[in-house]
*Asks:* 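This is the structure, below, for whatever I ask next.
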Amino acid sequence: MLGKKLVTAQKRGETRAMCLGLGMVACSMMIYFFIAVTMVPTYNKSVWTTEAVCKLLKVNIKDRALCPSSEDSEDGDSFPYPCLQVWVNLTASGQEVMLYDNEDTLSRNAKCSYVPDKPEYSKEVKAQVELIASIFRNKQTFRCYYDPGGTQTNVIVNRLYPPGGLLCAFLWPTLMFTAGCLIILLVKLSQYFSVLSAGQ
Ligand SMILES: *[C@@H]1O[C@H](CO)[C@@H](O)[C@H](O)[C@H]1NC(C)=O
């Protein structure tokens with residue numbers, strides 16, 4: 001009687017552990033898939049991988065108020081915010097290139113080095129852009145990143161997607177996958193041994 005109860009309890013425990021293990025494996029697979037679909041493309045798109053030294057050449061702030069000309073309709077030279085434009089001498093190549101804040105800045109507005117969080121003309125945004133311009137003017141020489149492959153002939157100062165970031169993202173699902181596999185293995189082993197001992 002007691003033996004039968006014990007066996008049933010053990011069976012139930014094994015089923016639960018098996019479900020947990022399989023659930024963890026399935027969950028980690030979904031996370032892997034999610035990372036592969038959403039994060040890997042952005043990381044691969046980030047070609048600015050090599051560190052270099054940039055020397056400031058020009059800093060401009062294009063202000064809509066300064067040039068109320070008529071031809072800004074088709075030209076796209078009117079901006080919804082003060083447009084900071086920074087050119088630097090990339091010492092690795094000796095060329096004059098445009099500088100961008102980060103990978104996203106370029107895709108959001110290739111004409112400006114910096115895209116403010118609130119894309120609008122306001123006193124705060126104007127002050128923010130002027131502050132960034134003054135930081136560049138004071139620094140003159142700073143670290144920047146360029147594309148060694150040459151597909152992008154510009155530089156960025158802040159990398160949103162450093163290569164270590166992707167490794168970190170893969171760490172958690174890998175741990176979960178390993179733990180899930182381990183649980184399944186343990187359940188299988190315990191089933192195997194109970195079959196062996198029952199046979200004796
Ligand atoms: C950039 O700097 C290098 C040396 O510092 C110089 O030889 C080169 O002419 C500069 N290029 C530009 C475009 O200013």
Side-chain angles (χ1 to χ4, degrees), residues 34-172 174:
F34 183 74
I35 293 175
V37 166
T38 60
M39 291 176 79
V40 171
T42 36
Y43 273 83
N44 284 344
K45 226 171 48 189
S46 179
V47 290
W48 301 266
T49 50
T50 307
E51 203 175 309
V53 173
C54 283
K55 281 187 195 151
L56 189 71
L57 292 174
K58 274 179 284 180
V59 182
N60 262 344
I61 296 177
K62 270 205 180 167
D63 213 320
R64 188 176 50 178
L66 284 178
C67 43
S69 60
S70 53
E71 55 185 322
D72 57 9
S73 49
E74 294 271 304
D75 198 26
D77 246 10
S78 73
F79 310 105
Y81 41 82
C83 181
L84 176 74
Q85 295 179 325
V86 180
W87 282 273
V88 295
N89 180 345
L90 175 61
T91 50
S93 65
Q95 275 173 334
E96 177 179 344
V97 296
M98 180 118 175
L99 173 139
Y100 293 100
D101 180 24
N102 57 45
E103 288 95 334
D104 282 348
T105 315
L106 180 64
S107 49
R108 285 171 73 185
N109 186 351
K111 290 199 167 148
C112 305
S113 294
Y114 174 73
V115 174
D117 297 330
K118 271 191 289 175
E120 60 182 30
Y121 263 97
S122 66
K123 267 197 179 138
E124 297 115 82
V125 172
K126 187 100 206 288
Q128 197 185 5
V129 169
E130 270 164 8
L131 177 71
I132 294 170
S134 73
I135 291 173
F136 277 119
R137 285 195 193 102
N138 287 337
K139 265 199 151 173
Q140 291 293 325
T141 302
F142 41 86
R143 188 198 60 208
C144 57
Y145 298 95
Y146 72 100
D147 172 19
T151 45
Q152 288 287 345
T153 53
N154 43 47
V155 294
I156 60 170
V157 271
N158 297 307
R159 292 181 76 184
L160 287 181
Y161 313 110
L166 208 52
L167 275 184
C168 262
F170 275 114
L171 180 69
W172 284 110
T174 304

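Numbering of residues begins at 1 and proceeds along the displayed sequence. Side chains included, hydrogens not; waters and symmetry mates left out as well; all remaining heavy atoms used. Both counts, for ligands and for their atoms, begin at 1 and track the order of listing.
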*Asks:* Using a 4.5 Å cut-off on heavy atoms from C-beta on, say whether the side chain of Leu84 contacts that of Val59.
*Replies:* yes

*Asks:* Checking a contact table here: which protein heavy atom is nearest atom 5 (O) of ligand 1, and how many Å away?
*Replies:*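 Going by distance alone, atom 5 (O) of ligand 1 is nearest to Lys55 NZ, 3.3 Å.
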
*Asks:* Identify the protein heavy atom lying closest to atom 1 (C) of ligand 1, giving its residue, its atom name and the separation to 0.1 Å.
*Replies:*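 Checked against all protein heavy atoms, atom 1 (C) of ligand 1 sits closest to Asn89 ND2, 1.4 Å.
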
*Asks:* When you measure from atom 13 (C) of ligand 1 to every protein heavy atom, which one gives the shortest distance, and what is it?
*Replies:*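 Result: Gly94 O, 3.8 Å.
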
*Asks:* More than 12 heavy atoms of other residues, nucleotides or ligands under 6.0 Å from CZ of Phe142: is that the case?
*Replies:* yes

*Asks:* Below 4.5 Å, heavy atoms only, C-beta onward: do Pro82 and Val125 meet side chain to side chain?
*Replies:*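 A side-chain contact under 4.5 Å exists here.
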
*Asks:* Within the 3.5 Å criterion, strictly below it, is a donor on Trp48 or Asn154 matched to an acceptor on the partner's side chain?
*Replies:* yes

